[in-house]
Amino acid sequence: MANEKTLSIIKPNATLDNNIGNIISMFEKNDLRIAAAKLTQLSKEKAEGFYIEHKDRPFFGELVEFMTSGPVVLMVLEGENAVAKNREIMGATNPAEAAEGTIRKLYAKSIGENAVHDSDSAQSAEREVSYFFEKNEIVDRF
Ligand code: ADP
Ligand code: MG
């Protein structure tokens, strides 16, 4: 199986609820490693650019407003099959549909304020990682 990198974001509802550690521990328990991390608050421009694929969706304004409303933790996660594994650990977009034990089942408030983001494919992972991180900010020692 391939060693991969994927982008993860702990969203403002989860940072404000003090669930950063709980969420990171879910990644670590599932053999994903943190290869880069920063805590920041996104500007409107940065959030809009990140979610550009959703710009025509009705919830775009609400999404950008939420993502800029508080601190986020940006992380590069690394491990075997990291992209698919993170999708599984994270759970469905809507917490009402998320499987038991997933991050969103445990820590999401609603379909919008759903605690975490991850990259949905290897291709988006590449774009999303380089959107937030320079190469020299990513550790490659694992
Ligand atoms: P996912 O994050 O599971 O890949 P999407 O890519 O479809 O989900 O949507 C991106 C983000 O937009 C979601 O994580 C969520 O925060 C927000 N979102 C999606 N659908 C809705 C909706 N119907 N209403 C409000 N926000 C939404
Ligand atoms: Mg998505």
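Counting starts at 1 for both ligands and their atoms, in listed order. Because the structure is predicted, anything quoted here is derived from the model rather than measured.
For Arg104 and Tyr107, the positive end is not near the middle of the six-membered ring at less than 6.0 Å and at most 45° from its axis.
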Pick out the protein N or O atoms lying less than 3.5 Å from any N or O of ligand 1, and list each pair with its distance.
{"unit_1": "ligand 1", "atom_1": "2 (O)", "unit_2": "Arg104", "atom_2": "NH2", "d": "3.0"}
{"unit_1": "ligand 1", "atom_1": "3 (O)", "unit_2": "Thr93", "atom_2": "OG1", "d": "2.6"}
{"unit_1": "ligand 1", "atom_1": "3 (O)", "unit_2": "Arg104", "atom_2": "NH1", "d": "3.0"}
{"unit_1": "ligand 1", "atom_1": "4 (O)", "unit_2": "Arg87", "atom_2": "NH2", "d": "2.9"}
{"unit_1": "ligand 1", "atom_1": "6 (O)", "unit_2": "His54", "atom_2": "NE2", "d": "3.1"}
{"unit_1": "ligand 1", "atom_1": "8 (O)", "unit_2": "Thr93", "atom_2": "OG1", "d": "3.3"}
{"unit_1": "ligand 1", "atom_1": "14 (O)", "unit_2": "Lys11", "atom_2": "NZ", "d": "3.0"}
{"unit_1": "ligand 1", "atom_1": "14 (O)", "unit_2": "Arg104", "atom_2": "NH2", "d": "3.4"}
{"unit_1": "ligand 1", "atom_1": "14 (O)", "unit_2": "Asn114", "atom_2": "ND2", "d": "2.9"}
{"unit_1": "ligand 1", "atom_1": "16 (O)", "unit_2": "Lys11", "atom_2": "NZ", "d": "3.0"}
{"unit_1": "ligand 1", "atom_1": "16 (O)", "unit_2": "Gly112", "atom_2": "O", "d": "2.9"}
{"unit_1": "ligand 1", "atom_1": "16 (O)", "unit_2": "Asn114", "atom_2": "OD1", "d": "3.4"}

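Scored by the side-chain hydrogen bond (donor to acceptor under 3.5 Å, both in side chains) test, Glu137 finds Lys38 as partners (sequence neighbours excluded). Partners of Phe27 by ring pair (Phe, Tyr, Trp, His ring centres under 6.0 Å), not counting sequence neighbours: none found. Remark: Asn114 pairs with Lys11 by the side-chain hydrogen bond (donor to acceptor under 3.5 Å, both in side chains) rule, at least two apart or across chains.
Using bins of under 30°, 30° to 60° and over 60° for the plane-to-plane angle, the ring pair Phe50/His117 lands in the perpendicular bin.
Counting all heavy atoms, side chain and backbone alike, Thr15 lies closest to Val72 at CG2-CA, 4.1 Å.
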